[in-house]
Amino acid sequence: MSATDSPATSPAPGRRGPTAEVFFSLLRSGTFLTGLGIVLFWIACALFGEHFVPYDPLADDIINALASPSAEHWFGTDQIGRDVFSRVIVGSRDILTVAPLATLLATVAGTALGLFTGYFRGIVDDVISRILEAFMAIPVVIVALLAIVALGTSKTTVIVVIGLSFAPIIARTVRSAVLAERELDYVAAAQLRHESALHTMFVEILPNVIPPILVETTVRLGYAIFAVATLSFMGFGIQPPSPDWGLSISSNYGMIGGGFWWTVLFDALAIASLVIGVNLAADGVHGAFND
Amino acid sequence: MVFLGGQVLPGNVGRAILGPFADQRAVDALNHTLGVDRPLLTQYASWIWNFLQGDMGTSYIFRSPVAPFVIDALGNSMKLAAVAFVLVVPIGILGGVIAALNLNRPLDRIISLGGLSVTVLPEFVTGIILILIFGVWLRWLPISAAWPRDAGFFTQLYYLILPSLPLFLVLFGYIARMARSGMIEALDSDYTRTAVLKGLPWRTVIWRHVLRNALLPTITVIASQTGYLIGGLVVIETLFRYQGIGSLIFTAARGKDFPILEAGILTIGIVYAVATLAADFLYSVLNPRIRLGTDQ
């Protein structure tokens with residue numbers, strides 16, 4: 001991130017010092033470290049979980065179906081006897097692939113749109129901004145329903161739907177940062193050197209708006225996890241037989257009236273911990289850039 | 001002054017771009033469901049025309065007109081949303097105001113952090129946990145929202161408490177945060193200092209000067225959350241097996257029942273537009289700067 005080393009000519013939202021300072025203030029932030037700890041735990045589970053879980057998360061065992069938590073099955077077993085503990089540990093894998101990819105797509109598309117609308121302003125800005133606003137008014141769940149009816153269910157659809165739904169929000173953030181930057185002397189200097197618009201946008205301005213983009217990206221990652229979990233729960237996201245949390249809840253919650261709480265509680269807590277972890281980290285990043 | 005007021009008011013209404021919003025959505029729905037290669041405009045025009053006359057088409061699955069389904073479902077959803085809103089708006093605002101008046105004290109921390117952490121959780125996660133606590137372990141509340149036939153108002157209310165709680169939790173964080181930051185800004189402003197310095201009692205300052213200004217952004221947020229709320233309803237209604245517009249759309253999407261899907265989404269668009277309009281209206285009523293213009 002060479003961005004923060006360049007002469008700080010701007011009061012861009014949230015940048016005070018060099019990269020190192022931001023980095024150290026992140027390390028001092030309890031919120032950030034707690035969040036990062038939780039997220040790293042789930043990433044470790046996603047990467048290595050299958051090697052140390054006591055059972056195969058996909059192996060059924062009908063005789064021991066719906067067993068309550070015990071020494072043998074810490075979190076009990078689900079309706080076809082799969083070990084809930086193993087499934088919860090390995091279940092982080094799909095959501096931790098899909099949500100970050102969707103966020104990445106949203107960030108790339110949103111940054112490009114934000115740079116264009118903020119740099120050119122005028123009609124380009126008006127037209128694109130109105131379209132983006134209209135897009136933002138539609139709930140993600142509804143967009144996803146329509147897209148999945150039209151395109152069918154797949155991880156790619158989920159990534160594209162969430163990525164494109166979030167892009168306008170990132171575009172809005174980037175746009176307002178660019179609006180402030182483009183008035184500064186270094187942009188005028190670039191224009192006087194007859195640099196192309198693309199060069200000015202991506203080489204001159206982009207490095208200087210990285211901080212707000214980073215903050216917005218971490219916040220969006222939290223919402224992406226929210227959205228992926230919700231879509232999986234609705235049956236429009238990650239598909240069986242994945243031990244994904246949202247999916248497990250959707251296939252088991254019909255029986256909680258019978259008192260089989262362990263089939264859904266641990267998955268729900270897992271989602272809750274991951275979402276809160278990401279949000280704590282995002283809060284820390286936000287704080288580090290703004291203090 | 002009248003001219004000024006007249007200029008500002010239509011500006012607000014126009015900014016909401018109501019018609020285009022609803023149309024855009026309907027066009028989107030049609031694009032997705034019918035395929036873009038067909039003569040969209042003519043179809044769309046006749047469909048809109050029929051819709052306005054109350055004919056929403058015929059369901060593929062139920063082999064009967066769509067309208068009764070949509071109207072029933074909308075009514076049910078409104079009940080659920082109403083319960084959630086009636087609970088969350090006053091409590092959320094109160095929470096934010098209390099937090100702001102106790103800025104940086106433990107009470108503020110609890111409200112802000114608590115609100116923030118429940119806001120970021122998906123509705124079905126809080127929903128499941130609430131069902132487990134109140135429905136399965138304590139057995140205080142029914143775990144499904146499907147009340148018995150000919151249930152009275154209070155029975156229905158009883159069945160709606162649990163489903164409305166996850167929506168409450170998500171919205172509480174947003175509303176409280178907005179109310180809090182609005183309050184902090186208003187408390188810090190020159191007019192508040194003036195009001196205090198001219199010797200008005202603290203209570204009057206809060207009620208007449210601070211609250212009115214502080215709540216303006218909050219109202220905008222509440223209205224902007226209707227779009228979100230609708231997304232939340234799809235999830236909650238599915239989780240609690242409640243026959244609302246969200247679960248109607250969900251079922252239609254799964255069964256590829258396009259007439260219901262389109263009618264449902266257009267209905268949501270209209271609801272959203274009305275909510276935005278209502279918020280703009282409320283905003284102009286509450287905003288002294290705009291009202292002054294029309295009074296004189």
Side-chain angles (χ1 to χ4, degrees), chain A residues 31 130-131 133-151 219 222-223 225-236 245-246 249-250 252-254 256-265 267-280 282-283, chain B residues 17 20-25 28-29 31-33 35 113 116-129 131-133 135-137 142-144 170 224 226-235 238-239 241 246 249-250 252-258 261 264-265 268-269 272-273 276:
Chain A
T31 336
R130 286 301 91 71
I131 295 174
E133 270 168 29
F135 214 76
M136 275 193 280
I138 315 172
V140 180
V141 177
I142 303 285
V143 178
L145 281 181
L146 293 175
I148 275 135
V149 169
L151 305 170
V219 172
Y223 285 103
I225 290 171
F226 184 125
V228 174
T230 302
L231 288 180
S232 302
F233 169 73
M234 306 289 293
F236 294 122
W245 301 325
I249 292 180
S250 93
N252 287 308
Y253 82 92
I256 54 179
F260 305 112
W261 52 271
W262 58 87
T263 54
V264 289
L265 178 68
D267 290 290
L269 291 179
I271 297 175
S273 69
L274 180 60
V275 174
I276 289 180
V278 171
N279 276 281
L280 288 177
D283 211 42
Chain B
I17 332 174
F21 261 42
D23 285 358
Q24 182 65 39
R25 203 173 313 209
D28 281 349
N31 276 345
H32 282 298
T33 50
L113 269 179
L116 201 64
S117 23
V118 290
T119 294
V120 298
L121 294 178
E123 304 86 353
F124 77 95
V125 172
T126 45
I128 282 284
I129 293 174
I131 290 181
L132 285 175
I133 296 174
V136 178
W137 291 330
I143 59 170
S144 142
V170 170
S224 73
T226 16
Y228 159 77
L229 185 72
I230 292 160
L233 280 178
V234 179
V235 179
T238 312
L239 179 62
R241 304 207 166 76
I249 290 176
F250 175 71
R254 296 216 107 175
K256 313 225 165 194
D257 196 341
F258 297 133
L261 190 61
I265 287 177
I268 282 178
Y272 180 80
T276 316

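In the text below, chain A, chain B and the rest are named by the order of the sequence lines, each starting its count at 1.
Contacts of A:Ile249 with chain B are made by side-chain atoms alone, with heavy-atom separations under 4.5 Å and no backbone atom involved. Contacts between B:Ile131 and chain A at a heavy-atom distance below 4.5 Å involve the side chain alone, from C-beta outward. Only the side chain of B:Leu132 comes within less than 4.5 Å of a heavy atom in chain A; its backbone stays farther off.
Relative ring orientation between A:Phe236 and B:Phe250 is described as perpendicular, the plane-to-plane angle rising above 60° on a 0-90° scale split at 30° and 60°.
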Practice prompt. Begin from the C-alpha positions of A:Leu269 and B:Ile129 and carry the test side-chain contact (heavy atoms from CB on, under 4.5 Å) through to its verdict.
Written response: CA-CA 8 Å; A:Leu269 291 179; B:Ile129 293 174; 4.0 Å; yes
Practice prompt. Let me see the working for B:Leu239 and A:Phe233 under side-chain contact (heavy atoms from CB on, under 4.5 Å), right down to the final yes or no.
Written response: CA-CA 9 Å; B:Leu239 179 62; A:Phe233 169 73; 3.7 Å; yes
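Residue with the most contacts toward chain A among B:Val120, B:Ile249, B:Val125: B:Val120 (heavy-atom pairs, distance under 4.5 Å). Note on A:Asp267, A:Ile225, A:Leu265: by heavy-atom pairs under 4.5 Å with chain B, the leading option is A:Leu265.
Residues forming a ring pair (Phe, Tyr, Trp, His ring centres under 6.0 Å) with A:Phe226 (at least two apart in sequence, or on another chain): none. Considering only residues two or more places apart in sequence or on other chains, A:Asn252 meets the side-chain hydrogen bond (donor to acceptor under 3.5 Å, both in side chains) condition with A:Gln79.
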